[in-house]
Asker: 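Shown below is the structure under consideration.
Naming convention: chains lettered A, B, ... in sequence-line order (proteins, then strands); numbering from 1 in each chain. Computed from a predicted structure; not experimentally measured.
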There are 2 protein chains.
Amino acid sequence: METNIMDPNCPSRLVFQRIGDKWATLVIQVLEPGPMRFSDLRAKVAVVTPKVLTQTLRTLERDGLLTRTVFAQVPPRVDYQLTELGASLLPALKTLRTWAEQNVGRMAAAQDEYDAAIEDAVLSAAH
Amino acid sequence: METNIMDPNCPSRLVFQRIGDKWATLVIQVLEPGPMRFSDLRAKVAVVTPKVLTQTLRTLERDGLLTRTVFAQVPPRVDYQLTELGASLLPALKTLRTWAEQNVGRMAAAQDEYDAAIEDAVLSAAH
DNA sequence: CAGAATCCTTTTGGATACTG
DNA sequence: CAGTATCCAAAAGGATTCTG
């Protein structure tokens with residue numbers, strides 16, 4: 001069967017949505033080297049609140065991209081690690097990052113130019 | 001200089017954000033074959049409202065990913081087409097789509113499994 | 001035709017405080 | 001330590017109506 005990206009129910013939409021998630025791709029990339037516990041993730045992913053980090057992790061766990069392992073000890077310890085499926089996404093993310101690193105300068109320049117043109121238009125309209 | 005994805009100001013964040021935009025990647029991929037006018041885009045991208053489509057197009061234009069060309073005629077005609085920069089993003093998107101098409105089935109299965117486990121937990125808690 | 005303007009609902013992200 | 005519970009502000013997304 002043909003996957004049609006135009007279809008609102010197209011499965012690839014799900015993936016693009018996940019990629020766009022502010023924290024999801026970050027978490028996946030942080031987990032690349034190996035398992036990590038909640039507090040370490042918080043430290044690594046900077047100023048994310050526990051609530052948002054939990055949300056992100058639950059979503060990724062539900063997607064089968066990572067696993068959550070609880071150790072029965074006090075104080076509690078919970079490890080998160082990429083599944084094979086999650087790890088298989090890394091190359092695609094890497095491709096995107098590479099593009100980003102190489103082209104964000106051009107994007108930023110385009111934005112500056114665009115904004116300057118708008119500014120000019122506003123000023124001349126007010127003449 | 002080292003780009004650090006952990007940095008909230010990291011430029012690659014901008015790219016991931018754009019990729020995650022519900023309509024942006026769709027528009028870029030629809031424009032691959034060549035220029036297209038507003039109404040054709042609307043038809044292609046299904047049920048998007050003109051407001052949202054306009055927003056998306058403006059953002060992409062500002063990013064330097066596409067150009068907007070107005071023809072001085074009645075009725076009006078406006079063409080949108082990818083810039084070289086916009087087109088250079090296509091391979092990376094293609095990589096993602098390929099991953100999506102190959103793995104969305106596994107993601108969906110993982111979700112079903114996860115939801116079923118949750119459901120079981122709820123039922124047994126109510127025993 | 002290609003949108004702009006307005007209004008409204010839903011979702012998202014985050015701050016803060018509390019708990020097993 | 002690893003979360004959960006509440007509350008809130010901001011933004012995204014969309015329906016509808018109008019216009020050069």
Asker: Indicate yes or no: at least one non-hydrogen side-chain atom of T56(A) is less than 4.5 angstrom from one of L26(A).
Answerer: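 T56(A) does not reach L26(A) side chain to side chain.
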Asker: Using heavy-atom distances to pick each residue's nearest nucleotide on DNA chain C, tell me which of D40(B) and G20(A) is more 5'.
Answerer: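 Its nearest nucleotide being more 5', the pick is D40(B).
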Asker: Output all residues satisfying side-chain contact (heavy atoms from CB on, under 4.5 Å) with L14(B), sequence neighbours left out; order by chain, then residue number.
Answerer: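 Listed in chain order: M107(A), Q111(A), R18(B).
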Asker: Output a table of nitrogen or oxygen pairs between the protein and nucleotides 17-20 of chain C separated by less than 3.5 Å.
Answerer:
none

Asker: Can you list everything that forms a side-chain contact (heavy atoms from CB on, under 4.5 Å) with R77(A)? Sequence neighbours excluded, please.
Answerer: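 R37(A), F71(A), Q73(A), D79(A).
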Asker: Going by side-chain contact (heavy atoms from CB on, under 4.5 Å), name the residues that satisfy it together with V78(B), two or more places apart in sequence or in a different chain.
Answerer: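 Here the qualifying residues are R68(B), V70(B), Y80(B).
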Asker: At a heavy-atom distance below 4.0 Å, what parts of residues 66-75 of chain B sit against DNA chain C?
Answerer: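 Output list: R68(B), P75(B).
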Asker: Would you indicate what R42(B) reaches in the nucleic acid, counting non-hydrogen atoms under 4.0 angstrom: base, sugar-phosphate, or nothing?
Answerer: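 The residue R42(B) makes no contact with any strand.
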Asker: Hey, which sits more toward the 5' end of DNA chain C by its nearest nucleotide, D79(B) or Q17(A)?
Answerer: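 Taking each residue's closest nucleotide, the earlier one in sequence belongs to D79(B).
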Asker: How long is the straight-line distance from CG of L90(A) back to CG of L82(A), given to the nearest 0.5 Å?
Answerer: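 Going from CG on L82(A) over to CG on L90(A), the span is 6.0 Å.
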Asker: Which pairs pass salt bridge (Lys or Arg N to Asp or Glu O under 4.0 Å) with one or both residues in residues 112-122 of chain A, sequence neighbours excluded?
Answerer: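 Passing the test, one end in residues 112-122 of chain A: D115(A)-R62(B).
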Asker: If the test is side-chain contact (heavy atoms from CB on, under 4.5 Å), which one of L60(B), T67(B), L89(B) qualifies with T83(B)?
Answerer: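 Filter result, single survivor: T67(B).
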